[in-house]
> 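Structure provided below as structure tokens; questions to follow.
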Amino acid sequence: MTIRELEKVSDFEWVYSKRGSMNSDIRFFCSKEILESMDQAVLDQAVNVSHLPGVVGDVVVLPDAHWGYGFPIGSVAAFDEDEGVVTVGGVGFDINCGVRTLRTNLVYHKLSEKDIEKLAQRLFENIPAGLGKEGKIKLSRKELNKVMLEGARWCLENGFATEEDIEFTEERGRVGGAVPDYVSEEAIEREEGQIGTLGSGNHYLEVQVVEEIYNGDIAQVYGLFEGQLVITIHCGSRGFGHQINTDFLKIFRTAVEKYKIPIKEKELLCAPIKSKEGEMYLGAVRCAINYAFANRQVITHLVRETVKKIFRNVEVSLLYDVAHNTVKEEVHVVNGKKRKVFVHRKGSTRGFGPGKEGIPKKYLEVGQPVIVGGSMGTASYILAGTDLAMEKTFGSTIHGAGRTLSRNQAKKNFPYEKVVKQLEMKGIKLMSASKQGVAEEAPQAYKDIDEVVKSIAKSGISTKVAKLRPIISIKG
DNA sequence: ATGTGC
């Protein structure tokens, strides 16, 4: 497929119809400019995905899409429960990588430079960040089992969560069907001490200011106002989820031969949903999904403790927690009929519209909050899910800006000192565990988040609610 | 993303 072969549906929607041995159409939601700048690898990967057995509806490519392992990061594919497959490439290596935003009742302009300095320092001290970094909590085997089964709800019994935190987490912080028996010993060993830690790569903790409100009515429902200080956490299932995916790539290598699944490239190793191997992956992946919900919840507890020690009468409540690397069993209307499908969201956020089951009651009328994490030092956005997303993208939307340069290219072009200086000029305090990590995450290595958000808003897949500007950025 | 590469 080349960009020229795409058919224009509207200024922000393009389709490549099913042909040859493809099993579905491919639908892009973005401006012409973003489409034209898209890597050819994204188009090739989308075509490969559309060849997988049992694809339902369209393969969806979002404006933040970029080259990933097997699937583009920033894509969605749903599969039939009988004919379809589950894949590692469709989930992403960091299972349930996701974001949550915490509201505070602090107003930025009322804080002193000293307050901000102290906040940055204490958050950096109290929230472990960096590759292989361990936290303070060591889970016993029995407790880890509970985390795998109960997710963020495990935190309730241990004083790391409030009932409200659970209510405002996707899936209420726990998906069903987790089977700890399908998780390897190696994954369990790698978990040791990692709960409550940020990790590295694009993971971060940011203190941000609500800079602009685009939709006052929805912002009010979400409890957001201009000048408000908010805190956003971006991380996933750490070495635990990573090991589970590594284990299943090996298992799927034999599965594709055993079940004679024609895959276009080895990065799309998979197994039928209705097979022992598929059932095992789903059981294990759900353990990692639950682990990541608990991880973000423990970090929330650490953030809350830290902030409460610095400011008097401060309140820290959860706006919402969203996952953007998952495979989930959901009910969607496809060609006018309700049906169960397995939705792979790879670098894509669930963004359910108004009235859809699964959204907290408080947000039911306006659609769920979607948190779009900017790259380091750039704006983040709060969006709301729409009815159109339910119709066209299995209730899915963007997750971030999307890379334009590989980690290696970024390292060569944007050394640490340059990046820190650049952020300083913008008034952002950067606290980092690794210089190399900072170079890899240079803002110039990413697409323009404002343009990506504009594309998704104009296409009607999500509604713009608020823009967040970072003031403190803590990196792994 | 991750005990740097499935």
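Everything quoted here is computed from the prediction, not taken from an experiment. Numbered from 1 within each chain, the chains take letters A, B, ... in sequence-line order.
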> Among A/His203, A/Arg403, A/Gln436, which residue satisfies the side chain to side chain donor-acceptor pair (under 3.5 Å) criterion with A/Glu441?
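Of the listed residues A/His203, A/Arg403, A/Gln436, the side chain to side chain donor-acceptor pair (under 3.5 Å) partner of A/Glu441 is A/Arg403.
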> Using whole Å, what does the distance between atom C1' of nucleotide B/dG3 and atom CG of A/Asp94 come to?
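Those two atoms, CG and C1', are 15 Å apart.
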> Atom CG of A/Leu249 to atom P of B/dC6: distance rounded to whole Å?
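That distance rounds to 9 Å.
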> So what does A/Glu186 touch, heavy atoms closer than 4.0 Å: a base, only the sugar-phosphate, or nothing?
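Answer is base: heavy atoms of A/Glu186 come under 4.0 Å of a base.
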> Could you tell me how far apart A/Glu134 (CD) and B/dG3 (P) are, to the nearest whole angstrom?
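My rounded result for the distance is 10 Å.
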> May I have the distance from A/Lys266 (atom NZ) to B/dC6 (atom P), rounded to whole angstrom?
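For the pair A/Lys266 NZ and B/dC6 P, the rounded distance is 7 Å.
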> In terms of the nearest nucleotide of DNA chain B, which residue is placed more toward the 5' end: A/Arg407 or A/Thr246?
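Here A/Arg407 is the residue nearer the 5' end.
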> Check every atom of B/dC6, B/dT2, B/dT4 against the side chain of A/His203 and return the nucleotide holding the closest atom.
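My answer, after comparing the listed nucleotides, is B/dT2.
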> Regarding A/Gly201, tell me which of base, sugar-phosphate or nothing describes its non-hydrogen contacts under 4.0 Å with the strands shown.
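It contacts sugar-phosphate atoms only.
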> Which part of the nucleic acid, if any, lies within contact of A/Gly199, taking any heavy atom under 4.0 Å across all strands shown: a base, the sugar-phosphate backbone alone, or nothing?
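Touches sugar-phosphate only.
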> Taking only residues two or more places apart in sequence, or in another chain, which ones meet A/Glu265 in a side chain to side chain contact (heavy atoms under 4.5 Å, CB included)?
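Listed in chain order: A/Gln45, A/Asn48, A/Glu267, A/Leu268.
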> Under 4.0 Å between a side-chain N or O of A/Ser200 and OP1 or OP2 of B/dT2?
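Yes, A/Ser200 has a side-chain N/O under 4.0 Å of OP1/OP2 on B/dT2.
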> Rounding to a whole Å, what distance do you find between A/Ile73:CD1 and B/dT2:P?
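Value for this atom pair: 13 Å.
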> Take atom CZ of A/Arg190 and atom P of B/dG3, then tell me their distance rounded to the nearest Å.
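After rounding, the reported distance stands at 4 Å.
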> How would you label the contact of A/Arg403 with the nucleic acid (heavy atoms, under 4.0 Å): base, sugar-phosphate, or nothing?
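Here A/Arg403 touches no strand at all.
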> Phosphate oxygens OP1/OP2 of B/dT2: is one of them under 4.0 Å from a side-chain N or O of A/Arg238?
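For B/dT2, OP1 or OP2 has a side-chain N or O of A/Arg238 closer than 4.0 Å.
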> Starting at CD1 of A/Ile474, measure out to CG of A/Leu205 and round the result to the nearest 0.5 Å.
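The distance works out to 5.0 Å.
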> Could you give the CG-to-P distance, from A/Asn245 to B/dG5, as a whole number of Å?
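Taking CG of A/Asn245 and P of B/dG5, I get 17 Å after rounding.
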> Within the 4.0 Å heavy-atom criterion, would you say A/Leu131 contacts the bases, only the backbone, or no part of the nucleic acid?
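Base contact.
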> Ring-plane angle category for A/His324 and A/His234, please: parallel below 30°, perpendicular beyond 60°, tilted otherwise.
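Perpendicular, since the angle between the ring planes exceeds 60°.
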> Taking atom C1' of B/dT4 as reference, at what distance in whole Å does atom OH of A/Tyr69 sit?
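Whole-Å distance recorded here is 15 Å.
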> Distance criterion of 3.5 Å, no angle test: do you see the side chain of A/Gln194 paired donor-to-acceptor with the base of B/dT2?
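When only heavy-atom distances are counted, A/Gln194 does not reach the base of B/dT2 through any donor-acceptor pair under 3.5 Å.
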> Mind checking what makes side chain to side chain contact (heavy atoms under 4.5 Å, CB included) contact with A/Lys276, not counting sequence neighbours?
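Result, side chain to side chain contact (heavy atoms under 4.5 Å, CB included) vs A/Lys276: A/Tyr182, A/Glu279, A/Met280.
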